[in-house]
Amino acid sequence: AEATIPHPRWRLPVFGDVFGISIRTPVQNSMEIGRKLGPIFERDILGNRFVFASGADMVAELSDESRFAKHLAPGVASLREVGGDGLFTAYNHEPNWGKAHNLLAPAFTKSAMRSYHRTMLDVAGELTEHWDERVGDSPVDVSSDMTKLTLETIGRTGFSYSFDSFRRERPHPFVQAMVGALSHSQRTTFVKSTALGRLLVRRSDRRNVANLEHMAEVVDEVIRARRDSAEAGPEDLLELMLRAARENDPHRIDELNIRHQVVTFLVAGHETTSGALSFALYYLSRHPDVLAKAQAEVDAVWGDEEPAFEQVAKLRYVRRVLDESLRLWPTAPAYGREATVDTTLVGTYPMKVGDWVLVLIPALHRDPVWGDDPEAFDPDHFLPERIRSRPAHVYKPFGTGERACIGRQFALHEAVLVLGTILRRYDIAGDPGYRLKVAERLTLMPEGFTLQLRRR
Ligand code: MNH
């Protein structure tokens with residue numbers, strides 16, 4: 001039988017919806033509504049209809065690539081200003097998606113990961129050098145330092161370009177411009193559907209232009225640095241793209257699209273991994289038993305040696321800590337799916353070709369299939385036998401299908417390597433008075449979370 005989709009009873013306080021709390025935290029606000037209305041609901045935001053779906057049965061169907069495909073949700077579509085038809089923001093029908101996907105796939109194979117391992121270790125070493133100076137001193141700002149680390153890692157592995165992140169007092173201006181652009185995109189997506197809204201965000205629009213210009217300058221600088229260098233470039237993302245252009249490869253992408261890919265990877269390649277590391281450190285600091293078990297694993301598997309490539313994936317428990325952190329706070333918290341045929345979702349909700357829904361990942365990750373206390377942090381959720389006993393498609397931090405995250409293995413290798421490095425070297429203590437505050441700028445990130453460090 002067909003059913004109508006529940007919506008909040010109060011449609012009137014549209015202003016509250018738009019200019020209140022939810023403009024800064026739309027994901028947490030939608031999670032709250034979902035707790036009341038269930039696994040599928042709709043919201044009307046200034047005349048825009050949004051359907052949120054998070055039931056395990058629904059997401060399983062939405063993962064069926066013969067009926068559904070990626071939809072560029074409004075918040076992501078407005079990032080076209082940043083990434084154009086780069087991989088993340090390309091529409092399914094745009095030819096540059098397939099070209100770039102094929103061209104860049106070799107940079108995400110296991111052997112490619114092996115080639116990044118050395119650089120990832122070096123960057124982790126810069127973090128510990130920086131943190132060693134803070135041992136027993138004032139606490140470190142976790143998200144800010146994780147962002148330094150992940151930006152440095154993608155800069156050097158992907159483009160052989162250093163942002164000198166750990167030699168700076170303040171974050172690199174690229175980070176400030178990017179955070180500004182992501183926040184702008186989140187804030188203005190709904191508001192801009194009305195004339196009044198467009199007027200209200202004019203100042204913010206101007207600031208956004210400056211941020212976009214700055215990001216474009218950084219992209220220019222990254223490409224120029226390579227073109228000016230006398231030696232042949234190392235086998236990195238940039239080299240794959242520039243060489244294909246030089247050699248007239250059938251998969252080559254043009255100059256403008258190369259720029260879109262560079263900025264896409266600089267943003268997508270660090271912001272979400274930084275959040276994932278920050279949440280993992282938060283949960284480790286709150287669960288002494290988990291912390292002790294993770295430290296014991298690193299000591300046993302790595303000993304005092306520098307970890308070889310294969311030794312990273314052997315940190316099975318640390319990986320479960322990361323998986324569980326991404327369950328509770330998937331740092332890219334939603335993705336869009338649109339019907340590619342006329343169909344009915346879970347036999348109940350009719351969808352015409354082009355109709356789309358947003359998968360609210362944190363709500364999916366709290367579905368009853370996760371047990372009766374889905375809010376509890378428990379890495380054992382990811383024990384192999386527990387994974388086998390759950391249905392497929394209930395864990396989607398990296399999206400789904402053809403348009404799922406290309407950087408998944410990259411992020412996992414980097415994050416486990418860094419967590420292992422930190423856990424082996426320091427005892428960490430969070431501020432007992434800190435209450436988790438999750439900042440939203442399309443992505444999720446703990447805000448104001450600090451750690452006090454002691455050398456082990
Ligand atoms: Mn990543 C797509 C989450 C790390 C590069 N990424 C996606 C999607 C999710 C996602 C979800 C799908 C979005 C959608 O369907 O609209 N990504 C993450 C998370 C992490 C992450 C949670 C870290 C943790 N991503 C990375 C890293 C890189 C990267 C690291 C690059 C080195 N991601 C991408 C790109 C895409 C993507 C590029 C777009 C892929 C495509 O559509 O072809």
Side-chain angles (χ1 to χ4, degrees), residues 27 59 62-63 65 68-77 79-80 82-92 94 96-105 107-109 112-113 116 119-120 146-147 149-159 236-238 241 260-280 319 322-323 325-338 356-362 364-365 395-419 442-445:
V27 168
V59 176
L62 292 166
S63 305
E65 299 261 296
F68 298 96
K70 167 161 171 157
H71 177 81
L72 285 198
V76 177
L79 287 179
R80 297 264 308 180
V82 180
D85 61 351
L87 278 178
F88 194 87
T89 41
Y91 289 102
N92 296 324
E94 286 179 305
N96 276 339
W97 181 79
K99 285 191 199 174
H101 180 81
N102 292 331
L103 181 62
L104 298 177
F108 294 95
T109 57
M113 296 309 127
Y116 306 142
T119 306
M120 290 183 179
M146 290 304 108
T147 298
L149 174 127
T150 53
L151 178 66
E152 206 50 33
T153 302
I154 187 62
R156 289 202 222 166
T157 55
F159 307 97
D236 58 11
L237 283 174
L238 188 55
M241 296 189 280
H260 287 146
Q261 305 299 353
V262 173
V263 74
T264 295
F265 278 97
L266 288 180
V267 175
H270 91 279
E271 164 80 0
T272 45
T273 312
S274 168
L277 278 162
S278 303
F279 282 113
R319 168 65 188 274
L322 183 68
D323 288 344
S325 305
L326 280 170
R327 180 181 71 83
L328 287 168
W329 296 108
T331 47
Y335 58 89
R337 297 291 284 173
E338 65 184 41
W356 59 277
V357 304
L358 271 173
V359 173
L360 188 59
I361 316 173
L364 168 71
H365 290 173
Y395 186 62
K396 294 284 180 187
F398 294 100
T400 198
E402 187 174 50
R403 301 293 304 269
C405 182
I406 199 173
R408 178 171 176 265
Q409 296 305 335
F410 184 105
L412 293 172
H413 190 81
E414 177 183 14
V416 172
L417 183 156
V418 169
L419 287 174
L442 297 182
T443 61
L444 306 180
M445 186 80 85

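Counting starts at 1 for both ligands and their atoms, in listed order. What you are looking at is a predicted structure, and each value in this text was computed from that prediction instead of being measured.
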Which value, rounded to the nearest 0.5 Å, describes the distance between [X] atom [atom1] and [Y] atom [atom2]?
X	Y	atom1	atom2	answer
K70	T89	NZ	OG1	7.5 Å
L419	E414	CG	CD	10.0 Å
M120	T157	CE	OG1	5.5 Å

Q) Is the centre of the F410 ring less than 6.0 Å from the centre of the F398 ring? A) no

Numbered atoms of ligand 1 (with element) below 4.0 Å of [X], judged on heavy atoms:
X	value
I154	32 (C)
Y335	14 (C), 15 (O), 16 (O)
A404	40 (C)
W97	41 (C), 42 (O), 43 (O)
F410	30 (C)
G399	11 (C)
P397	3 (C), 11 (C), 22 (C)
I406	35 (C), 38 (C)

Between the side chain of [X] and the main-chain N/O of [Y], is any donor-acceptor distance below 3.5 Å?
X	Y	value
S274	H270	no
H365	R327	yes
Y335	K396	no

Among protein heavy atoms, which lies nearest [atom], and at what distance?
atom	value
atom 36 (C) of ligand 1	F88 CD1, 3.5 Å
atom 12 (C) of ligand 1	R403 O, 3.8 Å
atom 18 (C) of ligand 1	F398 CD2, 3.7 Å
atom 4 (C) of ligand 1	T272 OG1, 3.5 Å
atom 1 (Mn) of ligand 1	C405 SG, 2.4 Å

Q | Non-hydrogen atom of T273 closer than 4.0 Å to ligand 1 | A |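 For ligand 1, residue contact (heavy atoms, under 4.0 Å) with T273 is present.
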
Q) Does P330 come within less than 4.0 angstrom of ligand 1, counting non-hydrogen atoms of the residue? A)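 Heavy atoms of P330 never come under 4.0 Å of ligand 1.
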
Q) Considering all heavy atoms of both residues, which atom of F159 and which atom of I154 are nearest to each other, and what is their separation? A) CD1-O, 3.7 Å

**Q.** Over all atoms of both residues, closest heavy-atom pair of G75 and L442
**A.**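 Answer, listing the atom of G75 first, then L442: O-CD1, 3.8 Å.
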
**Q.** Nearest-option assignment for atom 26 (C) of ligand 1, heavy atoms, candidates A411, G86, A268
**A.**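 It is A268 that holds the nearest heavy atom.
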
Q. Which is it for F265 and I406 under the side-chain contact (heavy atoms from CB on, under 4.5 Å) test, yes or no, and what are the steps along the way?
A. CA-CA 10 Å; F265 278 97; I406 199 173; 4.1 Å; yes

(Q) Applying side-chain contact (heavy atoms from CB on, under 4.5 Å) to R337 and T400, what does each step give before you reach the verdict? (A) CA-CA 10 Å; R337 297 291 284 173; T400 198; 3.6 Å; yes

Q.
Tell me the contacting part of K70 for ligand 1: side chain, backbone, both, or neither, using a 4.0 Å heavy-atom threshold, strictly below.
A. side chain

Q.
Any nitrogen or oxygen of L87, side chain or backbone, less than 3.5 Å from one on ligand 1?
A. yes

